[in-house]
There are 2 protein chains.
Amino acid sequence: MSQMLQIHDQLREMILSLDLGPGERLTERWLESRFEGSRTPIRAALVRLEGEELVRRDGRNWIVAPIDLGELEALAEFRIPLETTAVRLACARASAADIAAIEETLDACQSGAPREEWHRVGTDFHVEIARLSGNPFIVKAIAGAMTRLSRARWLEVWTEPSREQAWREHRRILGFIKANDPDAAAREAADHITDTRDRLLRSLNEDRRGLRARGFAVIGLR
Amino acid sequence: MSQMLQIHDQLREMILSLDLGPGERLTERWLESRFEGSRTPIRAALVRLEGEELVRRDGRNWIVAPIDLGELEALAEFRIPLETTAVRLACARASAADIAAIEETLDACQSGAPREEWHRVGTDFHVEIARLSGNPFIVKAIAGAMTRLSRARWLEVWTEPSREQAWREHRRILGFIKANDPDAAAREAADHITDTRDRLLRSLNEDRRGLRARGFAVIGLR
DNA sequence: TATCCCGGTTTGGTATCCCAAACAAGGCCG
DNA sequence: CGGCCTTGTTTGGGATACCAAACCGGGATA
């Protein structure tokens, strides 16, 4: 693979895993030594990441895109019509095998699994469901939304019950798709998005102090 | 403005206006002489345009993204839930002044206006409506969708009646928002998207010969 | 002591250079 | 005569060189 793509992927991973702090400045020279490549591929990777809004310009400088917790509401508002549409289409179009494959990945994530695993599966679920819709625009839009959500979800304090709750909701959505009940699936999907948003916001609100202590500027959180 | 952004904007314009044919190869050296800049900013512009899917890689080469007329259905399917949501939100959130501003741009486009004007206003309308929703994710998604539609709409043979029809539908959507009737606005918006898609597909189907004559590969058109 | 100014340093923006791989054309061999 | 290989050219990928602007810090000054 080209060096630029390697750098892009690594940098992306570092950003999404909060290895690089939101708002942190990135100098091309630092990245140059960090990745042992010249500025050319680094620059390309940065431009690419800028398109994904994971990196942003601040004047002439590059910075890791800050997390704006205020956009969590807008994000849910955006996801609801898309995901309800996605599950409706999935009812009409998904094959039993596709559904079974998603069921398997859900089952593979047991209570004991590491947090990274839960995080990834919880995100991928929505993208995979979107894929069942067969509509590439919906898939890309949801994938983008989940990416934007991803870092905020790392900030959340995950309790066992809330984790189980989300898992059950995923399971229910999938069940309604399997049962070919588009209305119920859509209702369940919308509720799930709302619930998840509320859980996330509640957790962040309760943990404001903890967030600040960990050095996160809690911006946009009402 | 930086040279890279100038190149990006110009190239983007050339692509969207079909000045550069879909599928046409772009060599960095040609762009270098065309824009009288070095390869560095040109490559950055290309990477950026790749993110907008206006340019694509074909092996090691850069090409102008082909038009896939087969995605027109998926595009409508994607837009309907988003735009119905947008108009609903607009009913709740838009100020009279915002609505009036859009009305004005509609009125400013009279029958005698050049085709470019109609094209632009017809595209911008949807983005402006989305903006009334106050949700930046919806705005960006719809803007992206309209960009993807843009080139296909240039291929359409525009008749005076169909142009008037679209204008009336825009007017009606706006009217329902103004009247604060979200259900009617949503229904109208969905119908408009469906109608527009059908008009476009019908026109392209009837004009297959013309398209081929103009050198367009009619791919993905059922 | 607070402020302003100035020069040195760092940074991103651009131009060039080098390279390996892809490509195309021409010639060689079967 | 046709297919294959060779070789010269073109292309994109990466590295480096150079520049102007932004930034920073220290010293002079009010």
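In what follows, every heavy atom counts, from backbone to side chain, and hydrogens, waters and symmetry copies are set aside.
Here D107(A) pairs with R171(A) under the side chain to side chain donor-acceptor pair (under 3.5 Å) rule; sequence neighbours left out. For E156(A), the salt bridge (Lys or Arg N to Asp or Glu O under 4.0 Å) criterion is met by no residue, not counting sequence neighbours. Not counting sequence neighbours, the partners of W154(A) by the ring-ring contact (aromatic ring centres under 6.0 Å, His included) test are H119(A). With sequence neighbours excluded, the residues satisfying side chain to side chain donor-acceptor pair (under 3.5 Å) with R120(A) are E117(A), D124(A). For H126(A), the ring-ring contact (aromatic ring centres under 6.0 Å, His included) partners are H170(A), H192(A), not counting sequence neighbours. For the salt bridge (Lys or Arg N to Asp or Glu O under 4.0 Å) test, no residue two or more places apart in sequence or in another chain qualifies with R197(A). Residues passing the side chain to side chain donor-acceptor pair (under 3.5 Å) test with R88(A), sequence neighbours excluded: D183(A). Partners of D198(B) under the salt bridge (Lys or Arg N to Asp or Glu O under 4.0 Å) rule, at least two apart in sequence or in another chain, do not exist in this structure.
Of the residues in residues 54-65 of chain B, those lying under 4.0 Å from DNA chain D by heavy-atom distance are R57(B), R60(B). Within residues 34-47 of chain A, the residues having any heavy atom under 4.0 Å from DNA chain D are, by residue number, G37(A), S38(A), R39(A), T40(A), P41(A).
You can see that DNA chain D meets the heavy atoms of chain B within a 4.0 Å-exclusive cut from dT11(D) to dG14(D), reading 5' to 3'.
Among the heavy atoms of the strands, none lies under 4.0 Å from L5(B).
Residue-environment remark: CZ (R209(A)) stays at or below the threshold of 12 foreign heavy atoms within 6.0 Å.
Sorted by first and then second residue, the pairs that involve residues 15-34 of chain A and meet side-chain hydrogen bond (donor to acceptor under 3.5 Å, both in side chains), not counting sequence neighbours, are R25(A)-N61(A), E28(A)-R39(A), E28(A)-R43(A), E28(A)-W62(A).
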